[in-house]
Amino acid sequence: MNSFDSPRYPVDRQGAPAGPCAMIIFGAAGDLAKRMLIPAIYNLKQSKLLPSQFAVVGVSIEPYSTQEFRERATQSMRELSTSPVDQDSWGWLVNRMYYVSGDFRDANLYIKLEATLGQAKKREGTEGNCLFYLAVSPEFFPVVIQQLGAANVVTEDNHTWQRVVIEKPFGHDLASAIALNHSVAQVLRETQTYRIDHYLGKETVQNLLAFRFANGIFEPVWNRRYVDHVQVTVAEELGVEMRGGYYEIAGALRDMVPNHIFQLITLAAMEPPISFDAHAVHDEQIKVLHAIQTFSPERVLDHAVRGQYGEGVVGGKHVPAYRNEPHVAADSQTPTYVAMALQIDNWRWAGVPFYLRTGKRMARRVSQVVIRFRKPPLVLFRKTSVDSVTPNELVVNIQPDEGISLSFEAKIPGPVVRLGAVNMDFQYSDYFGTTPSTGYETLIYDCMMGDPTLFQRADMVEAGWAVVEPILDVWKALPPRDFPNYAAGTWGPPQADELLHRDGREWRDPIRNAPHHPASPSVPTSKS
Ligand code: BG6
């Protein structure tokens, strides 16, 4: 089997409803299903993208009947929806919901499931096409997939498709990711495997591709000749909430970097793909990951920073230190913050640092990619009072306040030559309004359509782990001595600032010029 064989079905992205199918949700009684998946299916129905021949089959350990499952789904839709639920659409959907209860490890569950799928096929006309969504904890991925294989419910024939969606974490290091990919590949072909990184469901992340490759004016300057450096910030106000058990083992590096942040970096740094075909896009993304300079142990010490939050104030509220969160050890050494400088050793980016940082309990929730351009020569202003200029900056705001802004220098009116930094701003909501979305609609629809572009290929997952593995190793060998080293409600530990200061640079204030914060005045960059 060639694990990267092409999708078997022509992908039609013209906005037509998907073809007949059933969506089977393992973990249907859990949070992801309630908060994200079922509302996303409803939103797809509202957007007329759901097939008319459709069924949802919930699977989990809770001993519900189909009727109870429908009632619970109705109840949570009512509670969670921020706008009135359309009764006709919801009624249509809920009548196509089925439920199967059982233990994921028990072969009998899969016999019951097969019978229910047969029923759905007959009643709803799903034609035997199935999208299995594993909204379960990761230790169950191999269990469910092996059982699906053993029960022969994921075998495709010439008339049906069977696809399986799994969501990160895909392993906890390189070896476990390889083992997981191997175990999945024993049952499924790569074209049946859809690895979700929910960052790719975000419109602004997808827009990075459109922005770069649907506009002629940016690509010529998108390289080492014009770009000084790139910054990626993914900051959260939330702490670890009730996920201490998972987070203690994962930590910020595993949780955010090889997946979400590497998606942002590969989309920002990749070469133009020859088409938007999944393989063409993935091939370019993986080249970026392979070009990232390997971290030697010395480089880890100099170019990677870890942090853990102490108590502090976030959004006006006092919050506890990480070590006082539920399910967290009192002497925990788990990082809740990571910053690092990457070098992408290819023709386009050699010598251009990519700085990234991510953390919990930071001053503000904000995710953005910043392209900082080189300064122009100042010869023109030799005989004026201008002694420096602010370099141009392109800021792609992923969330919140989704949009793009470009800063440039303008002359401040008056007889004295003085410059001020001004902004050209594009806000998504101004142009396109907002539509109800959980961020999973596109991903579910793409999966129904058989378009894997926004999903991670097996080799991409492994390449991401290969980059961070040396950092994990050094950090494991040298436990931190200064945790907690940043207060909740700040932008992280001082070492992260030093990381850039050493290179004569600094982090951009992520909320500078943010639309919902007081605009900073244009700063004259000349002596007055
Ligand atoms: C998840 C991480 O993958 O992404 C969480 O496990 C993190 O720790 C979340 O909070 C961030 O997602 P978003 O969409 O809120 O930026």
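Note that ligands are numbered from 1 as they come in the structure, with each ligand's atoms numbered from 1 the same way. Position 1 is the first residue of the sequence; numbering continues from there. All values reported here derive from a predicted model rather than from experimental measurement.
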Mutual orientation of the aromatic rings belonging to Tyr99 and Tyr64 [parallel < 30°, tilted 30-60°, perpendicular > 60°]: tilted
For ligand 1, list all ligand N or O to protein N or O distances below 3.5 Å, rounded to 0.1 Å.
from	atom 1	to	atom 2	distance (Å)
ligand 1	3 (O)	Lys168	NZ	2.7
ligand 1	3 (O)	His260	NE2	2.7
ligand 1	4 (O)	His260	NE2	3.4
ligand 1	6 (O)	Lys168	NZ	3.1
ligand 1	6 (O)	Arg243	NH2	2.8
ligand 1	6 (O)	Asp255	OD1	2.6
ligand 1	6 (O)	Asp255	OD2	3.3
ligand 1	8 (O)	Arg243	NH1	2.9
ligand 1	8 (O)	Asp255	OD2	2.5
ligand 1	8 (O)	Lys360	NZ	2.9
ligand 1	10 (O)	Glu236	OE1	2.5
ligand 1	10 (O)	Glu236	OE2	3.3
ligand 1	10 (O)	Lys360	NZ	3.1
ligand 1	12 (O)	His198	NE2	3.0
ligand 1	14 (O)	His198	NE2	2.8
ligand 1	14 (O)	Lys202	NZ	2.6
ligand 1	16 (O)	Tyr199	OH	2.8
ligand 1	16 (O)	Gln399	NE2	2.7

Are the charged groups of Arg306 and Asp482 less than 4.0 angstrom apart, N to O? no
Hey, are Lys287 and Glu271 close enough for a salt bridge, meaning a charged N less than 4.0 Å from a carboxylate O? no
Can you label the angle between the Tyr428 ring and the Phe426 ring as parallel, tilted or perpendicular, going by 30° and 60°? tilted
Checking Tyr322 against Glu248: is there a side-chain donor and acceptor pair closer than 3.5 Å? yes
Charged N to carboxylate O under 4.0 angstrom, Lys45 versus Asp86? no
